[in-house]
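Beneath this line is the structure, given in structure tokens, with notes to follow.
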Amino acid sequence: MTAPDKSTVTRFAPSPTGFLHIGGARTALFNWCYARHTGGKFVLRIEDTDKARSTPDAIDAIIRDLKWLGIDWEGEPVFQSKRDARHAEVAHELVKAGKAYFCYCSPEELETMRADALAKGEQPRYNRFWRDRDPATAPAGVKPVIRIKAPIEGDSVINDLVQGEVRVANSQLDDMILLRSDGSPTYMHAVVVDDHDMGITHVVRGDDHLNNAFRQKLIFEAMGWSVPEFAHVPLIHGPDGAKLSKRHGAQAAGEFKELGYLPEAVCNYLLRLGWSHGDDEIFTKEQASEWFELTNINAAPSRLDLKKLDHINAHYMKIADDARLTDLVLERVGATDAAHKDRLLKGMHDLKQRAATIVQLASDAQLYLKDTPFEYDEKASHTLHDHDAHHAMHYIYDALARLGADFKDTDIEAALKTIANEKYEGKLAKVMMPFRAALAGTMTSPPIAKAAEVLGQGEVMNRLKYALHWMHDHGHHHH
RNA sequence: GUUCCCUUCGUCUAGAGGCCUAGGACACGUCCCUUUCACGGAUGUAACACGGGUUCGAAUCCCGUAGGGAACGCCA
């Protein structure tokens, strides 16, 4: 043990009532980066005190998605539900210290107070009936809640690292409940006790908690605990500026995997959303953590833009390992045999240059995964209907059949160019396009001579033969 | 309703009083490259919400207005 521990501790504290929200993922990323930046710790706390809504499945899903993104945390996750006793202990300590009190009002009474306040255009609040009353006068048989004595006058100020100085009149703050009548802690109270006990120095979370920060600060101060720094980051909105919801498509971090995005691309995109380091656009989360300052988080909310994510993802696909991408494609399309996998791996280098997502890549990969007979798409069959194309196909077939068994792309291309020169006045497309249509079944593909090499002479001849039959059966346009 | 927060190209953002005739990225247009589609390269369109101050000077500071968001539970 050396100096008193002043290093940073940040946390991500999801409540397991659903999947990991994309905004939550970004919050986790910010916390992770800041902890790393300062050489501190990042911890995970599961806020599962809502027993009715928390599920083990949600916990698993959240942890799975965090891991997918590559966000790791120090130690074991803390489960808030297991800390009930400590939360109660602190609440009672506050009562003893005269900082909190028992309140015997019924939920019905509180409801009428709220309604009255609202009707008068005031902030709905508890009327502090039991604040200074002798508990001896309490009605028999009523289990009390514990409420904090909030200051009545003055202002409270928080110097938020993102939002700047935020000030609110104490008259706006309520004597909120710390411990429910059944002895369980409220969220507001549990968060403070846990943040303190876990040594959290920086609370980085969604700005929907900005108002809560004032209430929580009260509890920290009542206990004489140091108040952590706050950084309230704005929410992520849908493309239309409204709150992100199901109709915007992806909402859960896990869905991005389904949509074909790489975790490093999602991290990069999310980090860039609301945080910046000058004009830098492409960076890993490790790089970001070196630059990361909470004060560089934007105070305004931002919108999700999948087009930009596509662009970033395309970049990471280009530099991704071929074997990894091959596995991701195979995982998506289902099992295939070793020969297909081998072809796909060999062709991956050219394939990955032109796809923005794994979904597209899997679609393009059909070039290597499907066998004859296969379908020609509309444009390909149009090309194959051409009179010249039919002739060209015969020339191509004969020329490639004469090629050696090593079947190199340069030789293939040379053979095709010869045909173009001799038969089509050097118009390469006259030869290349039918060839592409026959091999790929589509009019777009990687460089087709290279694809042919990957496919191998046997498979190429198969596909050409099939195309020849198809052209014969389907007739062709005459000039 | 009350309180709090926010407001730079369509989108993400740079910008901490003069470096701003406002920069970058995505998207979009045009051109080049090219056997296709992409990639890549070049280039173009496009923004300081509005109104008042403060200042020699404001995208930057202050105040209003408008618009957007959040919070006001014995939910988290």
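Every chain is numbered from 1 and lettered A, B, ... according to where its sequence line falls, protein lines coming before strand lines.
- Ion pair A:Glu89/A:Arg86 flagged as a salt bridge, since at least one NZ, NE, NH1 or NH2 atom sits closer than 4.0 Å to an Asp/Glu carboxylate oxygen.
- Spacing between atom CD of A:Glu108 and atom P of B:G73 amounts to 16 Å, rounded to whole angstrom units.
- Note: CD1 (A:Ile282) to C1' (B:G24) measures 12 Å, nearest angstrom.
- Between the CG atom of A:Asn211 and the P atom of B:G73 there is a distance of 12 Å, given to the nearest Å.
- Checking A:Asn313 against A:Thr357 by side-chain atom types alone, no donor-acceptor pair falls below 3.5 Å.
- Contacts of A:Asn421 classified as side chain to side chain contact (heavy atoms under 4.5 Å, CB included), with partners at least two apart in sequence or in another chain: none.
- Across B:C4 and B:U43, the matching P atoms stand 49 Å from one another, rounded to whole Å.
- Under a cut-off of 6.0 angstrom, the local environment of NZ in A:Lys318 is crowded, with over 12 non-hydrogen atoms contributed by other residues, nucleotides or ligands.
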Does A:Val192 form a side-chain contact (heavy atoms from CB on, under 4.5 Å) with A:Met188? I'd like the steps, not just the answer.
CA-CA 7 Å; A:Val192 171; A:Met188 210 65 80; 5.9 Å; no
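- Under the rule for a side-chain hydrogen bond (donor to acceptor under 3.5 Å, both in side chains), A:Glu93 has no partner lying at least two apart in sequence or in another chain.
- If you check B:U3 for Watson-Crick or wobble pairing at under 3.5 angstrom, you find it paired to B:A70.
- Of the candidates B:A27, B:C6, B:C4, B:A27 carries the atom nearest the A:Lys307 side chain, counting heavy atoms from C-beta on.
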What N/O pairs connect the protein and nucleotides 74-76 of chain B at under 3.5 Å? Give each pair on its own line.
{"residue": "B:C74", "atom": "O3'", "partner": "A:Arg180", "partner atom": "NE", "Å": "3.2"}
{"residue": "B:C74", "atom": "O2", "partner": "A:Ser181", "partner atom": "N", "Å": "3.2"}
{"residue": "B:C74", "atom": "O2", "partner": "A:Ser181", "partner atom": "OG", "Å": "2.9"}
{"residue": "B:C74", "atom": "N3", "partner": "A:Ser181", "partner atom": "OG", "Å": "3.0"}
{"residue": "B:C74", "atom": "N4", "partner": "A:Cys105", "partner atom": "O", "Å": "3.2"}
{"residue": "B:C75", "atom": "OP2", "partner": "A:Arg180", "partner atom": "NE", "Å": "2.1"}
{"residue": "B:C75", "atom": "OP2", "partner": "A:Arg180", "partner atom": "NH2", "Å": "3.2"}
{"residue": "B:C75", "atom": "O3'", "partner": "A:Arg180", "partner atom": "NH2", "Å": "3.2"}
{"residue": "B:C75", "atom": "O2'", "partner": "A:Asp50", "partner atom": "OD2", "Å": "2.7"}
{"residue": "B:C75", "atom": "O2", "partner": "A:Arg53", "partner atom": "NH2", "Å": "3.3"}
{"residue": "B:A76", "atom": "OP1", "partner": "A:Thr49", "partner atom": "OG1", "Å": "3.4"}
{"residue": "B:A76", "atom": "OP1", "partner": "A:Arg180", "partner atom": "NH2", "Å": "2.6"}
{"residue": "B:A76", "atom": "OP2", "partner": "A:Arg180", "partner atom": "NH2", "Å": "2.7"}
{"residue": "B:A76", "atom": "OP2", "partner": "A:Tyr187", "partner atom": "N", "Å": "2.9"}
{"residue": "B:A76", "atom": "O3'", "partner": "A:Glu47", "partner atom": "O", "Å": "3.2"}
{"residue": "B:A76", "atom": "O2'", "partner": "A:Ser15", "partner atom": "OG", "Å": "3.0"}

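- Remark: P of B:C26 and CG of A:Asn313 are 15 Å apart, rounded to the nearest angstrom.
- Taking atom CD of residue A:Glu165 and atom C1' of nucleotide B:C5, one finds them 14 Å apart after rounding to whole Å.
- One finds the CG atom of A:Leu384 at 4.5 Å from the CE atom of A:Met471 (value rounded to the nearest 0.5 Å).
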Given protein heavy atoms under 4.0 Å, the one-letter contact record of nucleotides 33-51 of chain B, with B base, S sugar-phosphate only and - none, is simply --BBBBS------------
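- B:G15 and B:A25 are spaced 16 Å apart, taking the C1' atom of each and rounding to whole Å.
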Collect all protein-nucleotide pairs involving nucleotides 58-62 of chain B in which both atoms are nitrogen or oxygen and the distance is under 3.5 Å.
none

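- The distance between atom CZ of A:Arg205 and atom C1' of B:A71, rounded to the nearest whole Å, is 12 Å.
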Extract from the structure each pairing of a protein N or O with an N or O of nucleotides 9-13 of chain B at less than 3.5 Å, listing the distance.
{"residue": "B:C12", "atom": "OP1", "partner": "A:Arg303", "partner atom": "N", "Å": "3.1"}
{"residue": "B:C12", "atom": "O2'", "partner": "A:Arg272", "partner atom": "O", "Å": "3.3"}
{"residue": "B:C12", "atom": "O2", "partner": "A:Lys308", "partner atom": "NZ", "Å": "3.3"}
{"residue": "B:U13", "atom": "OP1", "partner": "A:Gly274", "partner atom": "N", "Å": "2.5"}
{"residue": "B:U13", "atom": "O3'", "partner": "A:Ser276", "partner atom": "OG", "Å": "3.3"}
{"residue": "B:U13", "atom": "O2'", "partner": "A:Arg272", "partner atom": "NH1", "Å": "3.4"}
{"residue": "B:U13", "atom": "O2'", "partner": "A:Arg272", "partner atom": "NH2", "Å": "2.9"}

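- Counted by atom type alone, A:Thr295 and A:Glu293 present zero donor-acceptor pairs between their side chains at under 3.5 Å.
- Counted within 6.0 Å of CD on A:Glu165, heavy atoms from surrounding residues, nucleotides or ligands total more than 12; the atom is thus considered enclosed.
- For A:Phe30 and A:Trp275, the distance between ring centers is not under 6.0 angstrom.
- Rounded to whole Å, the distance from CZ on A:Phe230 to C1' on B:A70 is 17 Å.
- Aromatic ring centres of A:His385 and A:Trp470 lie closer together than 6.0 Å.
- Pairing for B:C33 is absent, with no Watson-Crick or G-U wobble pair whose two atom distances lie under 3.5 Å.
- Side-chain contact check for A:Asp50 and A:Tyr187: no donor-acceptor pair (N or O, by modelled atom type) lies under 3.5 Å.
- One can place CD1 of A:Ile158 at 18 Å from P of B:U3, the figure rounded to the nearest angstrom.
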